[in-house]
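Following: one structure in structure tokens, then a few remarks.
The structure presented is a predicted model; accordingly, all values stated were derived computationally and were not measured.
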Amino acid sequence: MAYLDSQKYTPAEETEIQSWLSKASSVSPDNSSLLDEINNTLATRTTALGTKPSKADIALYESLAPLVKSWGPEQRTGEHGHPNIVRLVDFVQNSPFFGLDVKHKVEVDVEDIRYVKPVVDAKAEKERLKKEKAAAAAAAAAAGGNAEQKTLVDRTKEAAQTVVEKAVEAKNTVVEAVTGDAAAAAGAKPQKQKKEKKEKKGREPAPPPPPQVLSPCLIDLRVGHILKAIKHPEADSLYVSTIAMGDKPGTDDTTEVDGQICRTVCSGLNGLVPLEEMQGRKVVVVCNLKPVKMRGIKSSAMVLAASPKIKEGEVDDHKGPVELVNPPADAKAGERVYFEGWAGEPEKVLNPKKKIWETFQPGFTTTDDLEVAFDAGVVEALEGKTGLGKLVTESGGVCKVKSLTGAQVR
């Protein structure tokens, strides 16, 4: 509880805590609407306040744990279950933030997921709605056309009028031809209108592309929120995570999950980071690498993690230890992350031929204070530039790791 006692809350957060305490006191097996409300709200939150622990989480745990303990698998993670409530209960009883001494914890199998909500391809859904709208408009136009269909008599009159107009036009053409010949015989030359020459405008040369700044800012780093992570069905070393990272609706390679625009990300962390530590947490992600398929699943970003640097002559056996890079607890999904002294606009998609990631990644490291930083001195392309720049969020927080110093971050 010492951690909670040191926490400070804004007036708005205090009000929300009181609201949660009221809900916790009203929890009962018969109040299904309240359970649904709590489960839906927690879909995009790690704690009751979002990411910050509070006494509201403990109150919810005390009310919900007996219920979750009595639920079967379908009530927990089935199609009509309450998986987000189960996740909160498991988080509170195991997290050191709350300091609870729970003698009989609720047993939770994080791999027993009975139902996964089908993801909606935002781009395909937009195209489907567009086609439906076009079809409806065409049907309306056809209906209007049938209502205004002309009678046979009307169409016959129009056809006759067209014949008369064409006959008059032909007569006028003949008269003009005869008049012109007579004028020519009398020595009168019909004047021909000279065609005005159009001045050709020279094409303005295209402006030269702006020079590319040689900087780690070209790498699009953002805060990501893992909504869920599972084991890759076809690769023992991979996890498949659903991560919200601030993309706009309709962005390529995104899907909508629980009201958030997410990407699917494969990471080689199975066996290095426990699966339960991947659930509902904040991470730092590289967002502009070219998507790649990893054993049949398209991965559209990369999770940053630290591991010991490989000494000269050693071979990287990928055995770890590995620690995920932690953004500040109050950072929001999609918030830009950059190295101090190297702020700038990232590339939309990194061109693999330019080797931008390979150029700057060797400078990603951790300090003695466990802060992630960029060491310019080890990047040859920066021509003698030196100094460490901390990895920070736009709101000013520093990204850290748990225990690894002097590590490589990739």
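- Applying the ring pair (Phe, Tyr, Trp, His ring centres under 6.0 Å) test to every pair with at least one member in residues 390-410, sequence neighbours left out, gives no pairs at all.
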Less than 3.5 Å apart, which donor and acceptor atoms pair up between the side chains of residues 130-138 and the rest of the protein, not counting sequence neighbours?
| unit_1 | atom_1 | unit_2 | atom_2 | d |
| --- | --- | --- | --- | --- |
| E132 | OE2 | R128 | NH1 | 2.4 |

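- A salt bridge links K298 to D253: one of the charged nitrogens lies within less than 4.0 Å of a carboxylate oxygen.
- Summarising the local packing, NZ of K400 is surrounded by 12 or fewer heavy atoms from other residues, nucleotides or ligands at distances under 6.0 Å.
- Exactly one residue among V409, L221, V398 makes a side-chain contact (heavy atoms from CB on, under 4.5 Å) with L391. That residue is L221.
- Taking the six-membered ring where the residue is Trp, the centroids of F339 and F364 are separated by under 6.0 Å.
- Using a 4.0 Å cut-off between a side-chain N of Lys or Arg and a carboxylate O of Asp or Glu, E37 and K23 qualify as a salt bridge.
- Sorted by first and then second residue, the ring pair (Phe, Tyr, Trp, His ring centres under 6.0 Å) pairs involving residues 242-292 (not counting sequence neighbours) form an empty list.
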Quick one: side chains of residues 273-280, donor-acceptor pairs under 3.5 Å with protein atoms, not counting sequence neighbours, listed by atom name and distance.
| unit_1 | atom_1 | unit_2 | atom_2 | d |
| --- | --- | --- | --- | --- |
| Q279 | OE1 | A229 | N | 3.2 |
| Q279 | NE2 | A229 | O | 2.9 |
| Q279 | NE2 | L275 | O | 3.2 |

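- Between E16 and R45, at least one side-chain nitrogen of the basic residue sits less than 4.0 Å from a carboxylate oxygen of the acidic one, meeting the salt-bridge criterion.
- Between P362 and E380, the closest side-chain pair of non-hydrogen atoms is not below 4.5 Å.
- The only member of T77, D36, N39 that meets side chain to side chain donor-acceptor pair (under 3.5 Å) when paired with H82 is D36.
- Using a 4.5 Å heavy-atom threshold, the side chains of R114 and R76 count as separate.
- If you look at W342 and F360, their ring centroids are not closer than 6.0 Å.
- Listed by first and then second residue, the ring pair (Phe, Tyr, Trp, His ring centres under 6.0 Å) pairs involving residues 243-263 amount to none (not counting sequence neighbours).
- For residues 215-226, the set of pairs meeting the side-chain hydrogen bond (donor to acceptor under 3.5 Å, both in side chains) definition, not counting sequence neighbours, comprises D220-R222, R222-D247.
- Smallest separation of non-hydrogen atoms from A306 and A407: CB-CB, 4.1 Å.
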